[in-house]
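Below is one structure, written out as structure tokens; comments come after it.
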Amino acid sequence: MKIATWNVNSIKARLENALAWLKAADPDVVCLQELKCEDDAFPSLAFEELGYNVVTHGQKTYNGVAILSKRKPEDVRRGLPGNDEDGQARYIEAVFSRKSGMVRVASIYLPNGNPVGTEKFAYKLRWMDHLHAYAKALLTLEEPFVLAGDYNVIPTPLDAKNPDAWKTDALFQPESRARFGALLNLGLTDAIRQVHGDAPGLYTFWDYQAGAWQRNNGIRIDHALLSPQAADLLKDAWIEREVRTQERPSDHVPVVVELK
DNA sequence: ATGACATATGAGATATGA
């Protein structure tokens, strides 16, 4: 079972890219972020024609998350549980039943948080605290789950080509990194690091500006975190780097985890 | 370089991203 996460930076602008990648990669579940459209405007039909079910949690202009899946989504939750006052569409979750058992999948678009020292950064940290509390609650169920999405966190210097350039950025602040680390300390597994160890050069985002892609000036900010029961099912995890060579690409590429 | 690109909104310039 292949579960992917991809920040598409507008689903309408990226529709052809997304359809092409789905046909080539054939994932079972796809967590999308930054739809930048309301639910009614999401191009569901195009994905349904490829055999996917579609659930969305969108809003006008900004944010927005979705889950595409070959299996029927069950128990769909929109909005991060316990964070009900959040007016921004950044979380959707669904459960999938398989012969070998269920798996819960969440599509997460964590706040960027820039500039540091503003309410935006405080909002990011609060959002991460809510996510921590919810992950802790989910863990008590002792079920396989995958929290996949754009975390907007560079976990370690190994996850950036030029870590010094991100020193003042919200994505690389000690407070952001500590909260990401706290998720791992709960017992969650970073699927890419589990499979690839401390390998350098594993990036999921390259800025559109200043030839970042051509210079491979990337960062790893899109992550799939697995519960212990999901980690036991982990077969492989990889980054779909070549998607960045598409015409009019997203600035992010998909991350895929394959479970038994 | 409070920039470079890209996108949405809406019809020019601004907000947001990372």
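Just so you know, these numbers use all the heavy atoms, side chains as well, and skip hydrogens, waters and symmetry mates. Every value quoted in this text rests on a predicted model; they were computed, and no experiment measured them. Proteins get letters first, then strands, A, B, ... in listed order; numbering begins at 1 in each.
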Checklist entry - Hey, any chance A:Y52 and A:W6 share a hydrophobic cluster, counting ILVMFWY side chains that come within less than 4.5 Å of each other, even indirectly? => result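 Yes, because A:Y52 and A:W6 connect within a single hydrophobic cluster, where side-chain heavy atoms sit under 4.5 Å apart.
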Item to check | A:I219-A:L110 co-clustered via ILVMFWY side chain contacts under 4.5 Å | outcome: no
Checklist entry - Counting only heavy atoms not in A:R126, do more than 12 sit closer than 6.0 Å to its CZ atom? => result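 Yes - once you tally the heavy atoms of other residues, nucleotides and ligands closer than 6.0 Å, there are more than 12.
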Checklist entry - Taking atom CG of A:N185 as the centre, does the number of heavy atoms from other residues, nucleotides or ligands within less than 6.0 Å exceed 12? => result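 More than 12 heavy atoms, drawn from other residues, nucleotides or ligands, come within 6.0 Å of this atom.
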Report the distance from atom [atom1] of [X] to atom [atom2] of [N], rounded to the nearest whole Å.
| X | N | atom1 | atom2 | value |
| --- | --- | --- | --- | --- |
| A:E119 | B:dA15 | CD | P | 17 Å |
| A:Q88 | B:dA15 | CD | P | 16 Å |
| A:Q214 | B:dC5 | CD | P | 11 Å |
| A:Q246 | B:dA6 | CD | C1' | 15 Å |
| A:K36 | B:dA6 | NZ | C1' | 7 Å |
| A:D207 | B:dA6 | CG | P | 10 Å |
| A:N152 | B:dT16 | CG | C1' | 12 Å |
| A:Y123 | B:dT16 | OH | P | 12 Å |

Item to check | Closest-nucleotide 5' rank along DNA chain B - winner of A:Y208 and A:Y109 | outcome: A:Y208
Next on the checklist: Between A:A210 and A:D169, which residue's closest nucleotide on DNA chain B lies nearer the 5′ terminus?
Outcome noted: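 Going by which nucleotide is closer to the 5' end, it is A:A210.
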Checklist entry - Apart from A:V116 itself, which Ile, Leu, Val, Met, Phe, Trp or Tyr residues share its cluster (side-chain heavy atoms under 4.5 Å, direct or through members)? => result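 Grouped by the 4.5 Å side-chain rule, A:F121, A:L125 form the rest of the cluster around A:V116.
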Item to check | Co-members of A:M102 in a cluster of I, L, V, M, F, W and Y side chains, linked at under 4.5 Å | outcome: A:V95
Checklist entry - Between A:Y91 and A:Y134, how do the two ring planes meet: parallel, tilted or perpendicular, split at 30° and 60°? => result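 Judged by the thresholds at 30° and 60°, the geometry between A:Y91 and A:Y134 is perpendicular.
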Checklist entry - In terms of ring plane angle, is the pair A:H223 and A:F180 parallel, tilted or perpendicular, where the classes change at 30° and 60°? => result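 Answer is tilted, since the angle falls between 30° and 60°.
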I'd like the [atom1] distance from [M] over to [N], given in whole Å.
| N | M | atom1 | answer |
| --- | --- | --- | --- |
| B:dT2 | B:dA8 | P | 27 Å |
| B:dA6 | B:dG10 | P | 23 Å |
| B:dA13 | B:dA1 | P | 26 Å |
| B:dA11 | B:dA15 | P | 15 Å |
| B:dG12 | B:dT7 | C1' | 16 Å |

Which part of the nucleic acid, if any, lies within contact of [X], taking any heavy atom under 4.0 Å across all strands shown: a base, the sugar-phosphate backbone alone, or nothing?
| X | result |
| --- | --- |
| A:K120 | sugar-phosphate |
| A:Y151 | nothing |
| A:N112 | base |
| A:D150 | sugar-phosphate |

Please list, pair by pair, any protein nitrogen or oxygen found under 3.5 Å from a nitrogen or oxygen in nucleotides 1-3 of chain B.
none

Enumerate all atom pairs, one protein N or O and one N or O from nucleotides 10-12 of chain B, separated by less than 3.5 Å.
none

Item to check | Contacting residues from residues 7-17 of chain A, given that a heavy atom lies under 4.0 angstrom of DNA chain B | outcome: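 Those residues whose heavy atoms fall under 4.0 Å from DNA chain B, taken from residues 7-17 of chain A in numerical order, are A:N7, A:N9, A:S10, A:R14.
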Item to check | Partners passing side chain to side chain contact (heavy atoms under 4.5 Å, CB included) against A:N63 (at least two apart in sequence or in another chain) | outcome: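 For A:N63, the residues satisfying side chain to side chain contact (heavy atoms under 4.5 Å, CB included) (neighbours in sequence not counted) are A:Q59, A:Q88, A:R90, A:Y109.
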Checklist entry - Looking at A:R248, does any N or O in its side chain come under 4.0 Å of the phosphate oxygens OP1/OP2 on B:dT7? => result yes
Checklist entry - Which of these, A:I221, A:T5, A:V8, A:V243, sits in a side chain to side chain contact (heavy atoms under 4.5 Å, CB included) with A:H252? => result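 Only one of A:I221, A:T5, A:V8, A:V243 forms a side chain to side chain contact (heavy atoms under 4.5 Å, CB included) with A:H252, namely A:I221.
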Checklist entry - Would you call A:D159 and A:R177 a salt bridge, taking side-chain N to carboxylate O under 4.0 Å as the test? => result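 Between A:R177 and A:D159 there is no salt bridge, as every charged N stays at least 4.0 Å from the carboxylate O atoms.
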Item to check | Ion pair check, A:R71 and A:D28, cut-off under 4.0 Å | outcome: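 No, A:R71 and A:D28 are not salt-bridged.
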Next on the checklist: Could you check whether any side-chain N or O of A:K124 sits under 3.5 Å from a backbone N or O of A:N152, counting only pairs where one atom can act as donor and the other as acceptor?
Outcome noted: yes
